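From a predicted model like this one, the values you see are computed outputs, not experimental measurements. Below, each value reflects all heavy atoms present in this structure, side chains not excepted, and no hydrogens, waters or symmetry copies.
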Amino acid sequence: MLDIKRIREKTDEVREGLRRRGADPVLLETVLELDRQRRALLASAEEKKNRRNATSKEIGAARKRGEDTAQVQAEVRTLGDQITALDEQLRVVEADLQAAVLRIPNVPCATIPTGTDAAANRVARVEGQPRTFSFAPQDHVTLAERLGIMDLPRATRMTGSGFPLLLGAGARLQRALIQYMLDLHTQKHGYTEMLPPFVVNSASMCGTGQLPKMADDMYHCEKDDLWLIPTAEVPVTNYFREEILDRPLPVLLTAYTPCFRREAGSAGKETRGILRVHQFDKVEMVKFVAPETSYQELESLLGHAEDVLRGLGLHYRILELCSGDISFAAAKCYDIELWAPGHNGWLEVSSCSNFEDFQARRANIRYRDAEKKVQFVHTLNGSGVALPRLMIALLENGQQEDGSVLLPPALVPYMGGVERLVPPGAGEVIGGKC
RNA sequence: GGAGGGAUGGCUGAGUGGUUUAAAGCAUCGGUCUUGAAAACCGACGUACCGCAAGGUACCGGGGGUUCGAAUCCCUCUCCCUCCGCCA
C-alpha cells in the first residue's frame, strides 16, 4: 500500500511510476478525490465532536451544582445526530478510499528497466556453462517416466491435473533438496527456519498484497474463510503483522512450504509434466530490514538464492525485471532462470524482490529507528528456490545416455550416499530404485 | 461441540457512567549527584489521523448499541484460560 501522504504530496512521482507499470491511471484520480472528501468530512466531524465533548463535560459539572440541563442536553443530542450522519458518510468514503488504495500497485524503483512485458527484462548476468551433449537430451517427463519417480496419471485421477506425485527416489530427491536448501540458508546465510501454517486468513493475504487482486488465483476454504498459501512469503511475512519489532534488524527467516496456485487463466500454457502445477514445494527467504539498507539486502538475498544453484553446479541467468513485469507489490525484482536442456529453454526458479514499505504498510510492520522513532520496515523475499523446475533442471542436466541421472555431489549426503538415479530393473512394478 | 472465567499502555496491574486528556509499580531514556557505576532524587516516556500552527479527534481485544457523556452498561464476534466430550 502506498502512503496516502505520498500520493497526495508527490502525486506526479506516483503517477509516473504507475504509468511505467501500465497501471490504470483512473485509480489514482479516484484516490485523490476520495482523500479530499475524507479530509473535509473529518474536519467537520471532529469540530462537532470537540463541541460535544466540551459541552458534555459542562453538563456533568452543572448537574453536580444541581442545575437543570435538559435544554443543553437536547442541543447536544441534535449535535450527536449530526455527528452520526457525518461519521456514516466518513465510513463510506474511508472504505472506498481504502479499497482503492489497496488496488494501487507499488511504484517501481527508478533504476529498473521500463517496459510493458517480459520482452523488456534485462539479462543482468549469465552464470556457468550449458552442458554439451553427445546424444539428444530428453525432457523431464521422459526421464522421470523411465526412472519411475513420478506418477502424473494416477495423481490426475486422484485429484486433478496439475497436482504432481513423486515416488521412490523422486520423493526422496525432493526431500533431499528441501533439506539441502534449508541447511544452506540457516547454517551459511544466517536465516532462522520457520515451519508456518499452510493456510492463512484474509487479513494476512491482504498484508502481503495477494488480496484483493489475486483472489481468483488462490484456493479458498469458504466455510472457514481461509486461504491456501500460494507462497511461504505470506505466512512468514505476516509473522510480524501489527507489530512494532523490538529486535535488531535485519530479521532473516526461511521456510519450506507447499504452495497452492489455481493458475487461473493459464490453461494450456507450458503445462507438460511439472513445469506449471497447482501444488509445488518451495523454500522461501524473507527479510525484514531497515529502509536505508533494503537495496543492498536485495543483492545479498539474490546471492543466497544463487548459492543454492551454484552448489548444485547449475547453469543459470539473472533477469532484472522491467516496470511492466514486476509483481503488484514489488519495487524491484530479479528472476533467476535455470537452463533446462531437454526443455531447451530457461526455467524461472526464483524471484527476489524488494517491496520497500509497501507490504509493511499493509501489514503494519514497524520498528524503532536509532532515534526511537517508529517507522515501517522494508520487506524482501526470494525463492531459495522453487522445487519442480529445479527438479526438471537436475534431471535434464544430469541425464546420461543410458537413461540414468547423475546427481550433484552436494546432494549425495542428503540422498544417503546415492550418486545416480537409475531406471528400475525388469520385473519391478514401481520404480524409483537407486 | 458443551459449560464457566478472562482480554486495560513494553510488562505487572487499578479502575462498574462525568477533571480517566487511564492510578500505581516495573522497564526504558534524559538530568542531578559520583573518579566511574549503583542507589537516591528530578524529569520524560503510547499509536494513528486532521491541521501552516495553536490545537483537535480516535483508540482500554474487534464490531455494533444505549446515553448529553462509555474502559465502565447492553448485544455480537474473535482469541486466551479451566473443566467435560470427541479426536491424530
Side-chain angles (χ1 to χ4, degrees), chain A residues 1-11 31-102 195-207 211 221-227 235 238-249 251 288 357-377:
Chain A
M1 181 167 63
L2 296 180
D3 183 5
I4 186 68
K5 284 184 194 152
R6 179 180 177 194
I7 294 174
R8 192 190 301 149
E9 288 159 18
K10 298 189 173 169
T11 309
V31 165
L32 288 166
E33 175 53 29
L34 288 169
D35 179 52
R36 275 190 290 272
Q37 287 178 24
R38 183 183 92 92
R39 284 185 295 153
L41 286 167
L42 196 63
S44 174
E46 289 191 349
E47 186 269 330
K48 287 185 198 300
K49 282 179 186 174
N50 184 18
R51 259 163 55 204
R52 179 178 66 180
N53 288 348
T55 313
S56 288
K57 236 175 217 178
E58 283 167 21
I59 290 171
R63 282 171 60 143
K64 250 178 203 161
R65 294 194 299 268
E67 295 167 16
D68 176 35
T69 56
Q71 173 73 34
V72 196
Q73 282 186 30
E75 284 169 30
V76 179
R77 190 180 295 123
T78 312
L79 196 58
D81 291 343
Q82 293 171 13
I83 290 169
T84 305
L86 282 170
D87 274 349
E88 175 57 20
Q89 289 178 53
L90 198 55
R91 197 190 58 76
V92 171
V93 168
E94 281 186 337
D96 290 351
L97 178 61
Q98 182 71 0
V101 173
L102 285 176
L195 187 61
F198 303 153
V199 177
V200 300
N201 59 31
S202 294
S204 293
M205 279 300 182
C206 196
L211 286 180
C221 311
E222 204 170 321
K223 261 191 172 170
D224 304 291
D225 193 21
L226 294 173
W227 305 79
N238 279 284
Y239 181 57
F240 292 122
R241 182 154 58 81
E242 305 294 341
E243 285 193 42
I244 298 173
L245 301 193
D246 58 355
R247 62 190 86 192
L249 298 180
V251 175
F288 302 85
D357 64 6
F358 190 85
Q359 291 181 328
R361 282 182 186 282
R362 288 177 160 244
N364 203 23
I365 305 169
R366 295 167 296 171
Y367 79 110
R368 288 184 199 278
D369 65 15
E371 282 84 47
K372 303 279 182 200
K373 220 181 127 219
V374 175
Q375 280 201 57
F376 288 104
V377 299

Using atom [atom1] of each nucleotide, how far apart are [N] and [M] to the nearest Å?
N	M	atom1	answer
B:A22	B:U47	C1'	15 Å
B:U76	B:U19	C1'	33 Å
B:C29	B:G46	P	16 Å
B:C74	B:C80	C1'	23 Å
B:C68	B:U78	P	32 Å
B:A14	B:A23	P	15 Å
B:C33	B:A38	P	15 Å
B:C84	B:A71	C1'	34 Å

[N]: pairing nucleotide in any strand, Watson-Crick or G-U under 3.5 angstrom:
N	result
B:C79	B:G6
B:U47	B:A58
B:A27	none
B:U34	none
B:G17	none

Q: Tell me, yes or no, whether the heavy-atom count around A:F198 atom CZ, taken from other residues, nucleotides or ligands under 6.0 Å, exceeds 12.
A: yes
Q. CD of A:E9: more than 12 outside heavy atoms within 6.0 angstrom?
A. yes
Q.
Quick check against the 3.5 Å criterion: does A:N238 have a side-chain atom that pairs as donor or acceptor with the backbone of A:S204?
A. yes
Q. Does any N or O in the side chain of A:R362 come within less than 3.5 Å of the main-chain N or O of A:C206, such that one atom is a donor and the other an acceptor?
A. yes
Q. So what does A:K5 hit on the nucleic acid, given a heavy-atom distance under 4.0 Å: a base, only sugar-phosphate, or nothing?
A. sugar-phosphate
Nearest-Å distance, [atom1] ([X]) to [atom2] ([N])?
X	N	atom1	atom2	value
A:Q73	B:U67	CD	C1'	9 Å
A:R63	B:U67	CZ	P	14 Å
A:I244	B:U47	CD1	P	6 Å
A:D3	B:A48	CG	P	12 Å
A:L97	B:C50	CG	C1'	14 Å
A:R241	B:C79	CZ	P	13 Å
A:E9	B:C52	CD	C1'	12 Å
A:D224	B:C77	CG	C1'	15 Å

Q: Please list, by residue number, the residues of residues 76-91 of chain A whose heavy atoms come closer than 4.0 Å to an atom of RNA chain B; answer none if no residue qualifies.
A: A:V76, A:R77
Q: Determine whether the side chains of A:T84 and A:D87 contain a donor N or O and an acceptor N or O closer than 3.5 Å.
A: no
Q: By nearest nucleotide on RNA chain B, pick out whichever of A:E94 and A:V72 is the more 5' one.
A: A:E94
Q) Which residue, A:V374 or A:R39, contacts RNA chain B at a nucleotide closer to its 5' end, judged by nearest heavy atom? A) A:V374
(Q) Please tell me if A:R8 has a side-chain N or O lying less than 4.0 Å from either OP1 or OP2 of B:C50. (A) yes
Q: Using only side-chain N and O atoms of A:R366, determine if any of them is under 4.0 Å from OP1 or OP2 of B:A48.
A: yes
Q | Worked check of salt bridge (charged side-chain N to carboxylate O under 4.0 Å, His left out) between A:E46 and A:K49 | A | CA-CA 5 Å; A:E46 289 191 349; A:K49 282 179 186 174; over 6 Å; no
(Q) Measuring from the side chain of A:S56 (C-beta onward, heavy atoms only), which nucleotide among B:G18, B:C49, B:U21 has the closest atom? (A) B:G18
Which atom pairs link the protein and nucleotides 55-58 of chain B when you take only N or O atoms and keep those under 3.5 Å?
unit_1 : atom_1 : unit_2 : atom_2 : d
B:G56  : O3'    : A:N50  : OD1    : 3.2
B:G56  : N2     : A:E46  : OE1    : 3.0
B:G56  : N2     : A:E46  : OE2    : 3.4
B:U57  : OP1    : A:N50  : OD1    : 3.0
B:U57  : OP1    : A:N53  : ND2    : 3.2
B:A58  : OP2    : A:N53  : ND2    : 3.4

(Q) With side-chain contact (heavy atoms from CB on, under 4.5 Å) as the criterion, how do A:Q98 and A:M1 come out once you've worked through the C-alpha distance, each side chain's angles and the decisive distance to 0.1 Å? (A) CA-CA 9 Å; A:Q98 182 71 0; A:M1 181 167 63; 4.1 Å; yes
Q: State, yes or no, whether a side-chain contact exists between A:Q37 and A:L34 at a heavy-atom distance under 4.5 Å.
A: yes
**Q.** A:E94 and A:R91 ion-paired at < 4.0 Å
**A.** no
Q: Carefully, step by step, assess A:I4 and A:D35 under the rule side-chain contact (heavy atoms from CB on, under 4.5 Å).
A: CA-CA 8 Å; A:I4 186 68; A:D35 179 52; 3.7 Å; yes
Q) To the nearest 0.5 Å, what is the distance between CZ (A:R368) and CZ (A:R366)? A) 8.5 Å
